[in-house]
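Heavy-atom basis, side chains included; hydrogens, waters and symmetry copies ignored. The shown structure was predicted, so the numbers you read here are calculated from the model rather than taken from an experiment. To find a chain, count down the sequence lines: A is the first, B the second, and so on, and within it residues start at 1.
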There are 2 protein chains.
Amino acid sequence: MPLGFPDKRPRYQIVAEALFDDIRRGTFPVGGHLPTEAQICERFAVSRHTVREALRSLANVGVVSSQHGIGTQVTSDHIQERYVQSFASISDLWQYVKDTRRECLALSDVVASDARIALPGDPGAPWRMLEGLRYMSGKPEPVAWTQVFLLPRYGDVFDEAGNDAGNEVLIYALVERRHHIVTRRVRQTITATMIEGATAALLKVEPGSCGLSVLREYVGEGDEVYEVTWSVHPAERYSYSMEVVLAQAPP
Amino acid sequence: MPLGFPDKRPRYQIVAEALFDDIRRGTFPVGGHLPTEAQICERFAVSRHTVREALRSLANVGVVSSQHGIGTQVTSDHIQERYVQSFASISDLWQYVKDTRRECLALSDVVASDARIALPGDPGAPWRMLEGLRYMSGKPEPVAWTQVFLLPRYGDVFDEAGNDAGNEVLIYALVERRHHIVTRRVRQTITATMIEGATAALLKVEPGSCGLSVLREYVGEGDEVYEVTWSVHPAERYSYSMEVVLAQAPP
DNA sequence: CGCGATAAGTTGTCTGGACAACCGGATGAC
DNA sequence: GTCATCCGGTTGTCCAGACAACTTATCGCG
């Protein structure tokens, strides 16, 4: 390693940083290719192992991407800082499931076009719908009025929704367990809404009062939306909190 | 590699999975240590390089953690699936900053205890506050009424907030740039709120109508909350959308 | 008994070499 | 002109070995 002074850094780090500098300076532009591993070995007079470690560390921060038989492509000329929010489970997205109980109001079959919310896919498609309330432990007024829509082939899990075991568990979790599917993404939209009519009565609030409306789509494999939930919460009984954290550190 | 049948998987993957099975079964309990690399080499009749690759892949998913001179500790007996939402920048958290313009209404000094929202820290502490409206491009009604609170030492950035260059830029970004600080986390709370009084007039909505209230705290180094923003949005002009994605794959 | 030095055990870095597997381009056959 | 095959170039996996750097235990001395 031809250095003019002793450098405490590992060699692979020196190589990674030198390559990153070249990328930043445009010597190897985004979308283009780095020199081959062999060429980099020559340039820095290090072993291939060391070069691969360097490339790995650049790949880990999203700056390059190697492809078998082709070479290493520059994917970014900067380390993309990310602000990240993460959850151990989808239930955490709901923020109030623990120590709540569900009261089932009605179970029915609906056609997408007849629902009070926009259900994805074919407007004539059937969905199974469970309407209910959720109560915080020890509270007389509900924290949420909910409608849960499931594709009919998953509707059998509604059998468990009312019993003790199913109470604190969200429907998506019942579907995952019984039907062995994995939820790949959840889309959530929060809006303010005026609570009126039967919903106000069920939630025990004045008609015309303000609430938070939360719509969630659960996406399984192949972009299939297998569940949609719609929750309405009285304003003073629920708020939605989240925290995003700066992730990623420079090499 | 003593296998009874040809296995297409790389050896390091076979070793990783076998070790993971042992961990899951409690052979190597959480908090305890794995065998040394040399012992694992012996057990599987593979090179140290292969063992290290296996351990690396387990470390990458949070199952083990190696420490120089000590050994490899089991940190988890399962792969913690995470649902993740990430942003390239905090502006993305706001979801509507592009193609908007800000109208500054008032700049003032306030004491924390006198603000209409809870400001963190000492109740007697001074803050600089900028009140304003935000308009979507081409729309006559505002999408948001906002109050931005800054610690006094960062208040000079309000100078730029009203000009053309500062219009589409959030205040936090001005602070970061001018004062060279890094925002480590943002805490956000969304509630439904009834819009009344002067705010209703400014937002051009009927008093008593519903809106979304979004409170954000910006945290810099050392858990310092350097900025707090409060936005109120008329219900029909704004909704808050997000998507979380399942991260992490089993080895 | 306490402290410092040394030794043993363990992971981290690095070299060199070899073969497998992939990819794209060139060439040949129909 | 199209498709299949081959070849060269490239990354991925794997082995063996060596030394550096860290950590803990042991030993020796005051």
Rounded distance (nearest 0.5 Å) linking atom OG1 of Thr75(B) with atom CD of Gln80(B): 8.0 Å
Between Tyr240(B) and Gln95(B), is there a side-chain heavy-atom distance shorter than 4.5 Å? yes
Is any side-chain N or O of Thr72(A) closer than 4.0 Å to OP1 or OP2 of dT10(D)? no
How would you label the contact of Glu53(A) with the nucleic acid (heavy atoms, under 4.0 Å): base, sugar-phosphate, or nothing? nothing
Before accepting this row, confirm whether a basic side-chain N of the pair Asp92(A)/Arg82(B) lies closer than 4.0 Å to the acidic partner's carboxylate O. no
May I ask you to say whether Glu17(A) pairs ionically with Arg9(A), meaning some side-chain N is under 4.0 Å from a carboxylate O? yes
Figure out the CD/P separation between Glu42(B) and dG9(C), and round it to whole Å. 14 Å
Can you tell me the distance, in whole Å, between the CD1 atom of Ile70(B) and the P atom of dC22(D)? 12 Å
Tell me the interatomic distance from Arg11(A), atom CZ, to dA21(D), atom P, rounded to whole angstroms. 11 Å
Distance check needed: dC15(D) C1' versus Phe44(B) CZ, whole Å only. 18 Å
Please state how far atom CD1 in Ile40(A) lies from atom P in dG9(D), giving the value in whole angstrom units. 18 Å
Ordered by number, residues from residues 27-38 of chain A within less than 4.0 Å of DNA chain D (heavy atoms) are Thr36(A), Glu37(A)
Take atom CD of Glu42(B) as the centre, draw a 6.0 Å sphere, and report whether it contains more than 12 heavy atoms from other residues, nucleotides or ligands. no
Could you give the CD-to-C1' distance, from Gln67(B) to dG9(C), as a whole number of Å? 15 Å
Ignoring hydrogens and angles, does a donor from either the side chain of Arg48(B) or the base of dG12(C) sit under 3.5 Å from an acceptor on the other? yes
What integer distance in Å separates Tyr12(B):OH from dC15(D):P? 13 Å
Quick check for you: among dA21(D), dC15(D), dT15(C), whose closest atom lies nearest to any side-chain atom of Ser47(B)? dC15(D)
Charged N-O contact under 4.0 Å between Asp77(A) and Arg24(A): no
Taking NE2 from His49(B) and P from dA18(C), how many angstroms apart are they, rounded to a whole number? 17 Å
Counting just side-chain N and O atoms, does Arg52(B) come under 4.0 Å of either OP1 or OP2 of dG12(C)? yes
Choose from dT13(D), dC15(D), dT13(C) the nucleotide whose nearest atom is closest to any side-chain atom of Pro10(A). dT13(C)
Using a 4.5 Å cut-off on heavy atoms from C-beta on, say whether the side chain of Phe149(B) contacts that of Thr229(B). no
